[in-house]
2 protein chains.
Amino acid sequence: MSRSEELKTIGLKVTTPRLRILNLFETSPRRHLSAEEVYRQLTADGVDIGLATVYRVLTQFEQAGLLERHHFEGDRAVFELRRAGHHDHLVCLQCGRVEEFYDEAIERRQDQVAADRGFAVVDHQLYLYAECRTPNCPHRHRDAPA
Amino acid sequence: MSRSEELKTIGLKVTTPRLRILNLFETSPRRHLSAEEVYRQLTADGVDIGLATVYRVLTQFEQAGLLERHHFEGDRAVFELRRAGHHDHLVCLQCGRVEEFYDEAIERRQDQVAADRGFAVVDHQLYLYAECRTPNCPHRHRDAPA
DNA sequence: GTATATGCAAAACTTTTGCATCCTT
DNA sequence: AAGGATGCAAAAGTTTTGCATATAC
């Protein structure tokens with residue numbers, strides 16, 4: 001499905017800001033972006049776009065299931081393209097890099113824990129904050145931009 | 001250990017705002033409180049305190065390991081007394097109530113997942129967002145104050 | 001008495017909203 | 001042509017900071 005079709009499918013008109021934002025998430029090496037980062041990147045790419053539009057589009061994409069919103073540590077939300085499979089996140093405390101993982105056993109236990117209490121899991125967020133054990137870890141400090 | 005001793009242990013002077021905030025977390029039926037909620041509750045109790053002080057003290061308590069900071073869904077952070085055992089959170093999507101749980105199998109798998117990737121888990125956050133399956137769930141809507 | 005803590009006000013930062021204009025269909 | 005989308009500016013909400021005063025030790 002093309003990007004334009006993808007937008008139409010979710011009932012949104014095909015506009016430049018929406019296409020550029022979608023394109024950014026699909027091509028950026030950084031998979032987790034804040035609204036501010038999206039705005040700065042597109043502006044740097046010469047796109048005439050307002051920060052308010054970025055916020056509106058990100059929220060729309062989230063509601064349509066195209067993006068996932070995360071609240072890692074810190075104030076601002078970051079967004080990520082919702083690809084085929086669900087996954088959780090491991091955040092490196094040295095460099096801030098985010099690794100993704102999926103563990104079937106953890107998923108099953110979550111459902112079980114909820115069921116034991118009379119609940120059914122609708123969604124979940126699991127973040128592991130961890131230190132790299134690799135000798136001479138080449139990662140930059142977490143505050144460094146990527 | 002008394003509350004005063006607890007404060008001295010972490011290198012903070014024993015002041016009224018700090019004692020009242022600590023006392024609030026130790027006695028409140030609501031275990032998860034935002035800065036604004038702490039401020040409103042203490043003000044209602046007749047304590048003369050500023051919102052800025054609440055933020056400062058909460059941050060100090062977090063750094064001292066007395067409180068844990070959470071970013072559930074939404075913008076503002078909530079704080080919780082760090083009691084004996086670690087636990088994770090199950091948030092009811094009907095009423096916003098937070099249930100706590102601890103699952104040894106999940107904890108073990110988290111360590112394993114990180115180890116497989118060359119990391120050691122320092123901290124983690126796991127939130128389950130779930131729907132109550134109890135017939136005639138008596139819970140209020142999630143926006144209702146508790 | 002000295003260093004720390006506080007309250008208030010102002011600032012900084014993130015996100016949302018009002019509105020006139022522009023664009024998609 | 002009509003309704004939705006955009007950009008800008010202003011507003012709203014959360015958290016931090018500057019500073020004079022007050023408090024703990």
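Letters A, B, ... are given to chains in the order of the sequence lines, protein chains preceding strands, and every chain is numbered from 1. The figures here come from the full heavy-atom set of this structure, side chains too, leaving out hydrogens, waters and symmetry mates.
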In whole angstroms, the gap separating P of dA12(C) from CZ of R76(A) amounts to 17 Å
Indicate whether OP1 or OP2 belonging to dT16(D) is found under 4.0 Å from a side-chain N or O atom of Y55(B). no
So which pairs with a foot in residues 53-67 of chain B pass salt bridge (Lys or Arg N to Asp or Glu O under 4.0 Å), sequence neighbours left out? E62(B)-R69(B)
Treat each ILVMFWY residue as a node, draw an edge where side-chain heavy atoms are under 4.5 Å apart, and state whether Y55(B) and F25(B) are in one component. yes
5'-most contact on DNA chain D (nearest-nucleotide basis), V14(B) vs S34(B), goes to S34(B)
Less than 4.5 Å apart, any side-chain heavy atom of V91(A) and any of Y129(A)? yes
With the side chain counted from C-beta on, respond yes when R20(A) and I49(A) share a heavy-atom pair under 4.5 Å apart, and no when they do not. no
Give each protein N/O atom lying under 3.5 Å from an N/O atom of nucleotides 5-7 of chain C, with the pair distance.
residue	atom	partner	partner atom	Å
dA5(C)	OP1	R18(B)	NH1	3.1
dA5(C)	OP1	R18(B)	NH2	3.1
dA5(C)	O5'	R18(B)	NH2	3.4
dT6(C)	OP1	T15(B)	OG1	2.7
dG7(C)	OP1	D48(B)	O	2.4
dG7(C)	OP2	G50(B)	N	3.1
dG7(C)	OP2	T53(B)	OG1	2.5
dG7(C)	N7	R56(B)	NH2	2.8
dG7(C)	O6	R56(B)	NH2	3.3

Could you grab the distance from atom CZ of F119(A) to atom CD of E131(B), nearest 0.5 Å is fine? 10.0 Å
Is I21(B) reachable from V78(B) through a run of I, L, V, M, F, W or Y residues, each pair having side-chain heavy atoms under 4.5 Å apart? no
Do the side chains of Q110(B) and I106(A) get nearer than 4.5 Å, heavy atoms only? yes
Calculate the interatomic distance between K8(A) atom NZ and dT24(C) atom P; express it in whole Å. 11 Å
Is the shortest side-chain heavy-atom distance between F61(B) and R82(B) below 4.5 Å? no
End-to-end bend of the helix from dG1(C)-dC25(D) to dT25(C)-dA1(D) (five-pair axes, 10° rounding)? 40°
Roughly, in whole Å, what's the span from CG in L33(A) to C1' in dT14(C)? 16 Å
